[in-house]
Amino acid sequence: MTKYQPSQFEKKWIETWDKNKIYQSSENDYKEKMYVLDMFPYPSGAGLHVGHPRGYTATDILSRYYRMNNYSVLHPMGWDAFGLPAENAAVKAKKNPMDMVPLNIANFKRQMKMLGFSYDWSREFSTTDPSYYKWTQWLFIQFFKMGLLYKKNTPINYCPKCKTGLAEEEVLANGTHERCGNKIEKKDLPQWLFRITAYADRLLKDLDGLKWPKGILEMQRNWIGRKEGIDITYQIVDNPSSSDFFRSSGFPPDKSGFPSLSCRQAGRKKTDDPSINVSKSTLGEITCFTTRPDTNFGATFIVIALEHPFVASLLNSKIKCQMSKLKKISDYVEKTKTKSQMERESEGRKKTGVFTGFYAVNNLNGRLLPIWISDFVLSGFGTGAVVGVPGHDLRDFEFAKEYDIPIIRVVVGADKDSSDIKQKEQVQEEEGTMINSDFLNGMDIHVAIIKIMDYLEEKGWGKRKVTYHLRDWIFSRQRYWGEPIPMVFCEKCAKNQSQISKVKSQIYNLKIKVSDEVIQSNAGWFPIPEDQLPLELPYVKSYEPGESGESPLAGIDTFVKTTCPNCGGPAKRETDTMPNWAGSCWYFLHFALQNANPKSKTLKPKQTSINNLQHSKQNNLEFNNSDLIRIWDLKFGVSIKKWLPVDWYFGGAEHAVLHLLYSRFWVKALQDLGLLDFPEPFLRLQNVGMVLAEDHHKMSKSLGNVINPDDVVSEYGADSLRMYEMFMAPFSQEIAWSTKTLQGVYRFLSRVWKMYQEYKTLNPKPQILKNETNKKLISKLNKTIKKVTSDILEIKFNTAIASMMEFLNAWEEAIQRHSGTTSDCPESDSGVTLFPRMTKCLSVDNAKKFLKILAPFAPFITEEIWNTVFGETESIHLSNWPEVGEIEEDKEIIIPVQVNGKMRGTIVISSSATKEEVEKKALSSEKIKQYIGGKNYTVIYVSGKILNFVVR
RNA sequence: GCCCGGGUGGUGAAAUGGCAUACACGCAAGACUUAAAAUCUUGUGACGCAAGUCGUGAGGGUCCGACUCCCUCCCCGGGCACCA
């Protein structure tokens, strides 16, 4: 009998499957579709990590399972090869990434084939292929025309090591870059920004319908960070006692509202100091955002951010104040602005600030709120101004303590304690009933919030508002290795004010609102004509990032210099490139379309039509996108409808708020353009758990603990690696590599091999024998088929494999029990009894069933046995998934018997026994009787499961 | 601080209200072998000679019965955070 030696046949099957194209998807059948997708990898120079096959094996099992269940399966693979990692690796190796990437791809592909993944390689592409990024650029242009992109000089996160700007999502909580771990700096650079915030509400709402891991959904919700609150506007006054506003407001001056004596003195100086004599109208107002307007009766001060316009007004003397105050203010602002995040943290976030000398009036009670400036208020959130309620907000409390702002009033009293707060521990932020709050008194805070919002809006003092944590997406990278942004800037057109209407005419008139600010900031920017796509990334000698904060492309004259698509004069191309996320935002669409119409591969978008459209309708703001849809449909329409959206999507949890948010955004935007008819790209998401090294650390070259899949396959075969990675632990859980467990799986496959070798001479006479052992084993087989089927669909591969192991154990045991007996065995022509062991157990038909359920997990060994043992000529992977046959219930069952809920023994009884019979049988046991001790009892019997005597 | 996920033998882990530890690893003993490897067989939660007692991070609760449901707390992993 031959030994299980995977290296002897795995290669053969890779070639055969390839040659026969058995995994190619087809649009041209009427079967139900199933789109099973992996997050496509960045092809690094190191080749596949053993972590990669974990996800890929899972999608492979699903794809094979669905194929065997008569689905039309789309299971593609491609390469996410643009971006920082590839470029940094290339810089290090002193090779052009354009030369390195194809080599890496070839190696990745070899390894994936080696592992037997059933990808449809006819759809393979790389994000770096000009034929692909042509469309990435085309989409950029469509988004520009939707008014979703704007160019703005903005303080951004800048990685000094990678020498590029980054999106908020790429900065980790500790202020480092998620790729390289370097500290992020703030830098002012002109950037393309994507208006993802325009989709915040839909991105949030549509999460509800997705079958995604709870954790990822929560992370996206938190990242979007929707908060309902109200903007409350406060009048600014300079002098508490003499303000016109104050008199006209009808509120008597509340003495307790005067924060300190010194302030009052400052007010009295009014007549001597003309700078203070400013009328109410020029002082203006301050708007504060709050989610807790219910506490507004307890407000005692206002704090504004350094960047707040009021601060600027003070500093540039639009609003005059005392010189001494002004000095203090400018000193504070200067000092604080240069403070780094690190310094702030090392100070333990101690509150700092400076008083402006001005006050705001709380309309609710006429109280004067001194206006302070502090860096704990963020300019980027809400209105950059907060109203301080030290009684109910810890930060406000700390600030009030720091600067002796008196009167810490309690307005929510859960325990009816209305005394003022002295200590930080007394600050109570949530739940309770209103006190000291006029007409809100006695209400629960949730009721009070609604009441006060209604009141403020009615009076015109406030307006309900929704804010988000989500920021617009910074889309420019000052690096070489990315899709060139297909935009041209013309200085002449930018200066021309009539240009604004031209910019407007570039915008599709869709439901997304485009503000004048966006239009203004895009003045002078034009997409390159679409017939010039792709705008190819030039092959260059020097592509290292520059020190100047400019992309290396900026140094290439031939790239930069172009003509303005609008006026025909000299203009400059954008030299920033797109982030690596761009290519991955829509690759799942491209997979779905590539084979639809072979001719479409060479089809160019109908440029003439769209260009004509642009010119003819330049002055017509009712731009419509029907021609655009025609272009898209020509290339993509039919097949996209067949395959999309993605049914199963597998990948690491690290993309929770990056790729998974960005691609959802693009799909929604494409839906608004009329190009897609679904709102969400990925219906089901599964997280792949990480694979750590045997020492529980991350695998890394420097630690020398890296396991190479090539080595594993050459020693144990691809099937063992696949099975092992599925068997180790629940799928989304992290695992540490264990060669010992891998050997256990290899042992299992060896036993499978051995078992089927015994069938070799049995063929072609399928035996269906009927005896007790046989029936029990067939029943067990059917249970196993049932279990494996449901476990695959629930992504519980570990228990699916365990149940197959259990079955093999039972099968071997059954054979063991019958070896030696020869009755019921067929005889050969010469009268010799054949296969005494096998015929007692499973017929060929049933043996094939087991092989089939193992096939998605271990495609090589099953195909080899299918072919060499059973002589099948068509692949096992094209066969039908076995039906679950008859599962015969045991005639006798074991019932555990409890007394007062404690296990005291078991009884064996007929499965049809009644409660009374079970009870009687249990009582016949001396042991049980002893525990009952002759006392009164009641009986709980769960049919077929358990019997419990409850003794009082 | 807030939000997720988790805590079960020597190890990876099963069990979602009904015999806790399936399956696998490891370990021990045995068979085969000159020997080793491989393979196979048996045993293996803890304490105890045994009867038995205890046992799923800790404590409480619901229930005839809790790894499973509820409450309080501890620990580990991940995410967010001066977000008003």
Side-chain angles (χ1 to χ4, degrees), chain A residues 3 172-173 213-223 225-227 229-230 232 288-293 295 302-303 305 344-345 348-352 374-378 380-389 392-396 398-399 429-430 467-469 653-654 656-657 687 690 723-724 727-730 732-745 747-748 750-751 754 796 798-809 812 816 894-906 927 937-952:
Chain A
K3 224 184 125 203
L172 300 180
K214 229 169 123 190
I216 303 284
L217 291 173
E218 271 316 295
M219 277 164 74
Q220 289 221 353
R221 284 192 187 107
N222 289 340
W223 189 260
R226 184 181 201 272
K227 288 210 169 94
I230 187 164
I232 304 176
C288 299
F289 176 76
T290 178
T291 54
R292 293 293 305 277
T295 63
I302 275 175
V303 193
R344 267 166 228 204
E345 264 158 41
R349 288 180 168 166
K350 189 172 173 293
K351 299 282 179 290
T352 60
S374 172
D375 66 345
F376 88 85
V377 174
L378 310 173
F381 187 83
T383 57
V386 299
V387 52
V389 185
H392 299 283
D393 183 284
L394 208 54
R395 292 153 308 186
D396 294 351
E398 283 167 3
F399 191 78
E429 303 199 33
E430 275 155 34
T467 62
Y468 299 91
H469 170 257
E654 67 273 14
V657 291
N687 285 139
M690 271 213 298
M723 294 274 288
Y724 161 69
F727 177 62
M728 260 306 263
S732 54
Q733 196 170 303
E734 190 175 272
I735 57 172
W737 187 262
S738 157
T739 301
K740 287 283 183 194
T741 307
L742 175 77
Q743 284 165 347
V745 170
R747 227 168 276 163
F748 167 72
S750 302
R751 280 160 56 206
K754 210 168 118 192
K796 283 158 71 176
N798 56 331
T799 49
I801 292 172
S803 74
M804 289 190 277
M805 287 173 165
E806 255 184 275
F807 177 74
L808 184 67
N809 289 347
E812 285 177 342
Q816 200 67 37
I894 299 165
I895 306 244
V897 182
Q898 298 183 333
V899 179
N900 285 341
K902 281 196 197 277
M903 262 293 298
R904 295 302 182 190
T906 55
K927 202 168 140 193
Y937 60 82
T938 50
V939 178
I940 308 257
Y941 177 59
V942 182
S943 181
K945 288 243 169 108
I946 202 152
L947 179 72
N948 191 6
F949 292 99
V950 184
V951 180
R952 259 157 286 181

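Keep in mind that this is a model prediction, so the values were computed, not measured. Proteins come first, then strands; the chains are lettered A, B, ... in the order of their sequence lines, and each starts at number 1.
- Separating the CE atom of Met903(A) from the P atom of G65(B) is a distance of 16 Å, rounded to the nearest angstrom.
- In the model, Arg751(A) has a side-chain atom that pairs as donor or acceptor with a side-chain atom of Asn809(A) under 3.5 Å.
- For C64(B), its base sits under 3.5 Å from the side chain of Asn948(A) at one donor and acceptor pair at least.
- Only the P atoms considered, G10(B) is 23 Å distant from G6(B), to the nearest whole Å.
- Within 4.0 Å (heavy atoms only), Gln898(A) reaches at least one base atom of the nucleic acid.
- Residues Trp737(A) and Met728(A) are not in side-chain contact: their nearest non-hydrogen atoms beyond the backbone lie 4.5 Å or more apart.
- Note that CG of Asn948(A) and CD1 of Ile946(A) are 6.5 Å apart. Values are rounded to the nearest 0.5 Å.
- Contacts of Val657(A) with the nucleic acid, taken as non-hydrogen atoms under 4.0 Å apart, are absent.
- In this structure, Asn809(A) and Arg751(A) both approach RNA chain B, and ranking their closest nucleotides by distance from the 5' end singles out Asn809(A).
- Across Val387(A) and Ile302(A), no two heavy atoms sit closer than the pair CA-CG1, 4.1 Å.
- Nucleotides C73(B) and A29(B) place their P atoms 50 Å apart, quoted to the nearest Å.
- Across all strands shown, Pro730(A) has heavy atoms under 4.0 Å from sugar-phosphate atoms exclusively, and none from any base.
- To the nearest angstrom, P of A15(B) lies 15 Å from NZ of Lys945(A).
- Of the P atoms belonging to C40(B) and C23(B), the separation is 15 Å, rounded to the nearest Å.
- Contact between the side-chain N/O atoms of His469(A) and the OP1/OP2 oxygens of A81(B) is found at a separation under 4.0 Å.
- Residues Ile230(A) and Thr290(A) meet the side-chain proximity criterion, which asks for heavy atoms closer than 4.5 Å.
- For the pair Lys351(A) and Phe376(A), the cation-pi test (distance below 6.0 Å, angle within 45°) is passed.
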- Verdict with supporting geometry, Val899(A) and Tyr937(A), side chain to side chain contact (heavy atoms under 4.5 Å, CB included): CA-CA 9 Å; Val899(A) 179; Tyr937(A) 60 82; over 6 Å; no
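- When the P atom of G78(B) is taken as reference, atom CG of Asn687(A) falls 15 Å away, rounded to whole Å.
- Rounded to the nearest Å, the gap between the C1' atom of C64(B) and that of C80(B) is 45 Å.
- Rounding to the nearest 0.5 Å gives a distance of 8.5 Å between CG of Asn687(A) and CD of Glu654(A).
- Along RNA chain B, the nucleotide closest to Gly901(A) and the one closest to Thr467(A) are compared, and the more 5′ of them pairs with Gly901(A).
- Side-chain atoms of Ser738(A) come within 3.5 Å of backbone atoms of Thr741(A) as a donor-acceptor pair (strictly under, hydrogens ignored).
- A37(B) and G55(B) are spaced 39 Å apart, taking the C1' atom of each and rounding to whole Å.
- Contact between the side-chain N/O atoms of Asn798(A) and the OP1/OP2 oxygens of A14(B) is found at a separation under 4.0 Å.
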- Item | Dot-bracket line, read 5' to 3' along RNA chain B, where crossing pairs take [ ] and | marks a partner on another strand, Watson-Crick or G-U under 3.5 Å | (((((((..(((.....[....)))((((((.......))))))(((....)))..(((((..]....))))))))))))....
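- More than 90° away from 0 lies the glycosidic angle of G78(B), which makes this nucleotide anti.
- Closest to the Asp375(A) side chain, of the nucleotides G12(B), C19(B), C82(B), is C82(B).
- The NZ atom of Lys227(A) sits 8.5 Å away from atom NE2 of His469(A), with the distance rounded to the nearest 0.5 Å.
- Look at CZ on Arg221(A): it is 15 Å from P on C3(B), rounded to the nearest Å.
- Contact annotation for Val386(A): base contact, defined as any heavy-atom pair under 4.0 Å involving a base atom.
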Under 3.5 Å, N/O pairs linking protein and nucleotides 50-55 of chain B:
unit_1	atom_1	unit_2	atom_2	d
U53(B)	OP2	Arg904(A)	NH1	3.4

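- Whole-Å rounding puts the Tyr937(A) OH to C64(B) P distance at 18 Å.
- Between the CZ atom in Phe807(A) and the CD atom in Glu812(A) there is a gap of 10.5 Å [rounded to 0.5 Å].
- The side chain of Thr799(A) lies closest to A15(B), out of A15(B), C19(B), C23(B).
- Distance from the side chain of Lys796(A) is smallest to A15(B) among A15(B), C19(B), A84(B).
- Rounded to an integer number of Å, the gap from CG of Leu808(A) to P of A24(B) is 9 Å.
- Taking only side-chain atoms of Val942(A), from C-beta outward, the nucleotide of G18(B), A84(B), C23(B) with the closest atom is G18(B).
- A distance of about 10 Å separates the C1' atoms of C76(B) and G57(B), rounded to the whole Å.
- Annotation: A66(B) and U8(B) have their C1' atoms spaced 14 Å apart (nearest Å).
- At least one side-chain heavy atom of Met723(A) sits less than 4.5 Å from a side-chain heavy atom of Ile801(A).
- One atom, CE of Met723(A), and another, P of C23(B), lie 15 Å apart when rounded to the nearest Å.
- For Trp223(A) and Tyr468(A), the gap between ring centers reaches or exceeds 6.0 Å.
- Residues Ile895(A) and Thr906(A) are not in side-chain contact: their nearest non-hydrogen atoms beyond the backbone lie 4.5 Å or more apart.
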Distances under 3.5 Å between nitrogen or oxygen atoms of protein and nucleotides 25-27 of chain B:
unit_1	atom_1	unit_2	atom_2	d
C25(B)	OP1	Arg747(A)	NH1	2.8

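- In this structure, CD of Gln220(A) is placed 13 Å from P of C80(B), rounded to the nearest angstrom.
- Counting non-hydrogen atoms under 4.0 angstrom, Phe748(A) reaches nothing in the nucleic acid.
- Nucleotides C4(B) and G52(B) place their P atoms 46 Å apart, quoted to the nearest Å.
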